[in-house]
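Every number for a ligand or one of its atoms is a count from 1 in the order of the listing.
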Amino acid sequence: MPDPAAPTILVFDSGLGGLTVLRAVRAARPDASYVYIADDAAFPYGNLGEGELTARVRHVIGTALAQYAPDLVVLACNTASTLTLADLRAHFRVPFVGTVPAIKPACAQSRSKCVAVLGTQATVSREYTRTLIRQFAAGCHVILVGSSRLAHFAEAELAGAAVADADIAAEIAPCFVDRDGQRTDIVVLACTHYPLLLPRLRGLAPWPVDWLDPAPAIARRVVDLIGGPKGAVGPPTRVAFTSGRRPAPALAAALTDYGAGGFEPASA
Ligand code: DGL
C-alpha cells in the first residue's frame with residue numbers, strides 16, 4: 001500500500017525530455033507520488049524569447065501547484081532552469097530543483113581539458129551558462145554547441161518515428177574538436193531530451209566520449225532535500241500534457257516504460 005504521507009514530486013519539462021530525469025528521481029525515491037507535466041503546447045522552449053518563457057513557466061507551474069500541491073518541483077529542463085529558477089523561487093514557496101549544464105563536473109573530470117556543452121541554442125547562449133564557464137572551467141576549453149533540432153529528434157524517436165543517422169550526426173558534429181591532439185573527451189548533455197537519444201549519440205560519435213547526463217546528480221539533490229525512501233513503492237506517475245493530447249499507442253507504451261500510469265490534460 002502506498003504511504004499517504006509520502007511526498008508528491010512534480011517533474012516538469014517542455015516535452016518528454018524530463019522523463020530521463022523522472023526515471024532517476026523515481027529510482028532514488030520510489031515511494032513518492034509523481035506528476036509529470038509536459039508543456040507540449042509551448043514546445044520547444046528553445047525557440048521562445050526570454051520574457052515569453054519566464055511568463056509561460058511561471059503560469060504553468062503556478063497552475064500545477066494549485067492543482068497538485070506537490071512537496072517539491074523538479075524543473076527538468078535546462079532551457080527553463082537557466083532562465084527562470086530565480087523567478088520561480090521568488091514567486092512560490094515550494095522547493096525547486098533545477099537542471100543546469102554540468103560544466104563543473106565535466107571540466108573536473110576531463111583528461112584532455114576539451115569539453116563540449118550540447119544544449120538548445122537558448123541554453124548555450126544564456127548568461128547563466130557563461131557564468132558557469134567563468135566560474136568552473138579554468139584551464140578547460142569549452143565548446144558551446146546549440147541545436148535547434150535534437151529535442152525534436154528525441155521526441156520523434158520516443159514516439160517510434162525514424163530519425164536518420166545523418167541528421168543526428170550533423171547536430172553533434174561541432175562537439176568533436178581536435179586541438180593539436182587534445183580531443184573532446186566529455187560532452188555535457190545540457191538538454192534533458194538528449195539522453196533519450198543516447199544509444200544513437202554513442203553510435204554516431206566520431207570517437208568515444210563520456211556523455212554527461214545530469215539526471216543522477218538531480219536525483220541526489222532531491223534526496224538531499226527531502227531524504228531517502230521511507231516506505232513502499234508509490235503509485236504510477238500521472239502524466240499531463242498542456243496541449244490536452246492523449247499519446248498515440250507507441251508513445252503511450254514508451255511512457256509506461258518510464259513509469260507512467262495515467263494520462264490527463266493539464267489545465268494550463
Ligand atoms: N528539455 C529541454 C531542456 O532541457 C529543451 C527542449 C526545448 O527546447 O523545449 O533544455
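At a 3.5 angstrom cut-off on N or O pairs, Thr120 does not count as close to ligand 1. Distances between N or O atoms of Phe43 and those of ligand 1 include no value under 3.5 Å. At least one N or O atom of Asp13 sits closer than 3.5 Å to an N or O atom of ligand 1.
Gly15 does not count as a contact of ligand 1, since none of its heavy atoms falls under 4.0 Å from the ligand. Proximity of Pro44 to ligand 1 is established by a heavy-atom distance of less than 4.0 Å.
Counting all heavy atoms, side chain and backbone alike, Val94 lies closest to Pro70 at CG2-O, 3.6 Å.
Around atom CZ of Arg111, no more than 12 heavy atoms belonging to other residues, nucleotides or ligands sit under 6.0 Å away.
If you check the side chains of Asp40 and Ser243, you find a donor sitting under 3.5 Å from an acceptor. A donor-acceptor contact closer than 3.5 angstrom is absent between the side chains of Ser112 and Gln182. A donor and an acceptor atom, one from each side chain of Asp87 and Thr54, are nowhere located under 3.5 Å apart.
Annotation for ligand 1: atoms under 4.0 Å from non-hydrogen atoms of Thr79 are 3 (C), 5 (C), 10 (O). Atoms of ligand 1 found under 4.0 Å from any heavy atom of Ser14 (numbered from 1 in listed order, with element): 6 (C), 7 (C), 9 (O). Interface of Gly46 with ligand 1, defined as ligand atoms under 4.0 Å from a residue heavy atom, comprises 7 (C), 8 (O), 9 (O).
With Tyr128 as the aromatic partner, Arg126 does not meet the cation-pi criteria of under 6.0 angstrom to the ring centre and within 45 degrees of the ring axis.
What sits closest to atom 2 (C) of ligand 1 on the protein, heavy atoms only, is Cys77 SG, 3.3 Å. The protein atom (non-hydrogen) at minimum distance from atom 1 (N) of ligand 1 is His193 ND1, 2.8 Å.
Of the possible polar contacts, none joining the Arg56 side chain to the Tyr45 backbone as a donor-acceptor pair under 3.5 Å is found.
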